[in-house]
Structures are given as structure tokens and as C-alpha cells.
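Structure record follows, encoded as C-alpha cells.
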Protein chains: 2
Amino acid sequence: MARPGTASRLSSDQATSSAATRQALVEAAIGALRDEGFAGASARSIAARAGCNQGLVFYHFGSVVGLLLAALDEVSELRLARYSTAVGGARGPSELVRVAADIFREDLDAGYVTVLAELIAGASSTPGLGAELAKRLAPWTAFAEQAIRDALVDSPLGTLLSGPTIAHAIVALYLGLDMLTQLEADRRPAESLFAEAQRLAALFEVLSATVPDPKEKP
Amino acid sequence: MARPGTASRLSSDQATSSAATRQALVEAAIGALRDEGFAGASARSIAARAGCNQGLVFYHFGSVVGLLLAALDEVSELRLARYSTAVGGARGPSELVRVAADIFREDLDAGYVTVLAELIAGASSTPGLGAELAKRLAPWTAFAEQAIRDALVDSPLGTLLSGPTIAHAIVALYLGLDMLTQLEADRRPAESLFAEAQRLAALFEVLSATVPDPKEKP
DNA sequence: GTCTATACTTGGATAGAC
DNA sequence: GTCTATCCAAGTATAGAC
């Protein structure tokens, strides 16, 4: 009954085998949430994708929800790293929008945001899940807020907008855009929005140059 | 085996009784989607809410999904009427934003948007559901587009923005905002966003007055 | 650690009594 | 039209063999 992580390593073969199975299950769970949604992400369906037995879900993760949360953790870590490095170099609204659109395009194709959206939707039928998701969502709103602050540091827009509020809206927009894109199986509306946002950001940069920040050195 | 609607009316008692049951089931389905999500909206759970037998779901609506779509139709019709009359009188971005925020507040409290969000999330596990939802979503994006066009008719912003793209983004934002609000059980972030949008809309109105539209009569 | 087998529960759907 | 009874499929979870 020893659980992995608390169990002592008996042999490196067993350890690597266990880790491989865990990883296979996590990746299968991501795929199941993406392709079949929360309602379709059952232990059986996930195990079938992972090519292993259904019982291993409960051995490794305690419950189906436990595995789904592990899947979200994996996706979240992966994407947060990706966004961080990419957005880190962005200067100004226009560049930020371009970079964000590029990575969100990856998200749409890989269904990473869908994993989150399905879990949030599923939370209303699973007591306790909502609180776990809220915890995992916090780093994302914090990240969005920081990215916006950094990109607008030289712009009068920075003092005009409320950071936390806009960050919340961006996260909400990502969620909603992903859901609509999945539903209509059409990425073009999202692409149009990226282009529109890019135009507006460029426009704001011009306006910022016309009416420079008082703190800025001439 | 006659289905209601195709069956001839045998007596007015039976007809009203049937209609009452249908209505009770539809309203129970709305409540179930709102409170228990797609995964929790089973025939048994809905029938229990409606105070009737589980088999009636299949008698009246053919399947659970059939009932859920009827529930969405009810909500959609109800809310589209509400939005239409309220937005119809709005002139200018600022007033449009204020009116839209007021009604969306109702949506959040009553969980109307949640019904849609849960169905979209559930669509990935139910073949054919996605197409039905897409059909029912179209009037909303069309409505949003028209409302924006009307409100911006006297503003240079109208020519600056792409109608269909912004409408799509608004619908996405509504979906995402609702999901986050339900998840965190906290309406304050949404309220902050309403206030922020109101401020920006007012600002745009001032700018529009400063740089009037060339077509406008002086 | 992994698999097979199994207990138990819930849900979709139908048949037939009333 | 509604209810009871029932069938069958699918899901969660555990026990025990390997």
C-alpha cells in the first residue's frame, strides 16, 4: 500500500518504471481533458490512452480528480515557463501583444487552455475542486499583471489602467476565446482579434509618443 | 408512443399538465446546469429538482441533451429579449457599457451564462452537441455586433474597430468572466472591470468630441 | 508496480402498468 | 401523461494475484 513518493526506492528499475507510468497517465489525462472534456476524462478513458490499467490511476493519484489536478499542474508549469521567457523580452504594448498572440496560438493548437477551462467547468460538480483550481490560477493572474506592468512602464497607459483588473480580464478573455475556438473549430476569429489588438497597441504607442509621460526624460 | 407536439390534444387538462411538466423540467435543467454543471446535470438529478419522474425527460425531450438544449433555448430567448430592450435605448459607448454591465450582473447572479458555459464545456464529450450550440450562439454575436455598431455610429471609434471581431471578443469575455466569477465565488473582479470599462468609454467619448468625425455636421 | 477481477454506484434509456 | 420497474453500460474504487 506504499504510495510513490513516500515509498523507499527498492530498485532503480521500479522507480523509473513508476515514474514513466505516472508521466504517461499525466499526459493521457491532458489529452483526455482536451479531446473528451471533463465529462469524458474518466479513469478508464485516460488509462486506455496511457496504455495501462485503470487501477493505476488510483494507485498513483488517489482519485481521478487527483490525476486531473496533476495534469493541470504539468500544463501550468510548462506554459508559465514558456510565457515567462517569451514575454520577458517584450518592450511596449505592441511587442507584448505580438508575443502573447504567438504563444496563445500554441495554446489553442495544443489545447492547453482547454484543460483549464474543462476543469473549471467541471468544478461545479465536484466538491473541493474549485478551491484547488483557484490556487493554481493565482500565478497566472499575477503573471499577467506583471507582464502588463512591465510593458507599460514607459507609457501613460500604465497609469491609466488598473493592473489587477486588466489582468483578470485578460485571463477571462483567454478562457472564453479558447472555449469559442474549440466550439466552432475555427481559429480565424481569434486570429482577427490578435490582429486587431496589435493594431490598437501600435496606435497607443504612437499616441504615447505624441503625449509623452511627464516623468520621462526628453 | 405519441410525442407531445405531434399528439392530438385529447383534453385541455392533459395538455396543460404536459406543458407544466415540460416547463418544470426545463427550469430544473437550468438550475442543474447552473449548480451542478454539465457533469451533474443527469436525467435523475434534473427530474428530482422538477419533482417528477426520470423517465419523463426522455418522453418529453428524447434525451438528456435534448432537454439541456431546450433549457439553453429558454435562457437564450429570455436574455436576448432582456438585452435587446435595455440596449436599444443606449446612445454612445458610455451608456452602452453601463447598461450591459447592469444586465450582465443579473446574468452572473442568476447563472444564465453558466448554463451556456457548461454546455460548451460539455460539448467535447457529446458528439453533435457542439454544432447545436454554435447555431444558438450566432444570434448573440450578431446582437453584440449590432449593439456596438449602433452605439458607435456617431464616434470615430466605429470606423476604427472591426465589428465582428469585437463582438466575438465580447462574447468570449462574458464567458470567461462568468467562469472565473463562479470559480472564485467573488463578483468584485467583474465589478472592477465594469467600472474600468465605464471609465474608458467615458474617456473615448471625450476624445471623440475633441476629434470629431469628418462626416459629422458641425 | 502492474494487472485481473470484482463490488458497488450512478446514469441513459425502454417497457408496461396505471 | 406519469409512474414503477428494469436492463444495460460506464464509472469509481478496492483486493489480491503476479
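In what follows, chains carry the letters A, B, and so on, assigned in the order in which the sequence lines appear, proteins first and then strands, with residues in each chain numbered from 1. Atom set for the values below is all heavy atoms of this structure, side chains included, hydrogens, waters and symmetry mates excluded.
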Can you give me the N/O atom pairs linking the protein to nucleotides 9-13 of chain C at distances under 3.5 Å, or say none if there are none?
residue	atom	partner	partner atom	Å
C:dG11	N7	B:R44	NH1	3.3
C:dG12	OP2	B:A43	N	2.8
C:dG12	N7	B:R44	NH1	3.0
C:dG12	O6	B:R44	NH1	3.1
C:dG12	O6	B:R44	NH2	3.3
C:dA13	N7	B:Q54	OE1	2.8
C:dA13	N6	B:Q54	OE1	3.3
C:dA13	N6	B:Q54	NE2	3.0

Could you give the side-chain donor-acceptor pairs of residues 102-111 of chain B under 3.5 Å, partners two or more places apart or in another chain?
residue	atom	partner	partner atom	Å
B:D102	OD1	B:R105	NH1	2.9
B:R105	NE	B:E191	OE1	3.3
B:R105	NE	B:E191	OE2	2.6
B:R105	NH2	B:E191	OE1	2.9
B:E106	OE1	B:R79	NH1	3.4
B:E106	OE1	B:R79	NH2	3.0
B:E106	OE1	B:R82	NE	3.0
B:E106	OE2	B:R82	NE	3.3
B:E106	OE2	B:R82	NH2	2.5
B:D107	OD1	B:R79	NE	2.6
B:D107	OD1	B:R79	NH2	2.9
B:D107	OD2	B:Y83	OH	2.5
B:D109	OD1	B:R187	NH1	2.9
B:D109	OD2	B:R187	NH1	2.9

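- Listed by first then second residue, pairs satisfying salt bridge (Lys or Arg N to Asp or Glu O under 4.0 Å) with a partner in residues 58-67 of chain A number zero, not counting sequence neighbours.
- Considering only residues two or more places apart in sequence or on other chains, B:D150 meets the salt bridge (charged side-chain N to carboxylate O under 4.0 Å, His left out) condition with none of them.
- Summarising the geometry, the separation between CZ on A:F61 and P on D:dA13 is reported as 14 Å, rounded to the nearest angstrom.
- Environment of CD in A:E77: sparse, with no more than 12 heavy atoms of neighbouring residues, nucleotides or ligands closer than 6.0 Å.
- For the OP1/OP2 pair of C:dG1 and a distance below 4.0 Å, the side-chain nitrogens and oxygens of A:S18 include at least one atom meeting the criterion.
- We find that CG of A:N53 is positioned 16 Å from P of D:dC18, with the value rounded to whole Å.
- Listed by chain and number, the residues in a salt bridge (charged side-chain N to carboxylate O under 4.0 Å, His left out) with A:E36 are A:R49 (sequence neighbours excluded).
- Contacts of B:E145 classified as salt bridge (charged side-chain N to carboxylate O under 4.0 Å, His left out), with partners at least two apart in sequence or in another chain: B:R149.
- Summarising the geometry, the separation between CG on A:L56 and C1' on D:dT14 is reported as 13 Å, rounded to the nearest angstrom.
- As rounded to whole Å, 7 Å separates atom P of C:dT2 from atom OH of A:Y59.
- A:H60 places its NE2 atom 16 Å from the C1' atom of D:dA13, with the value rounded to the nearest Å.
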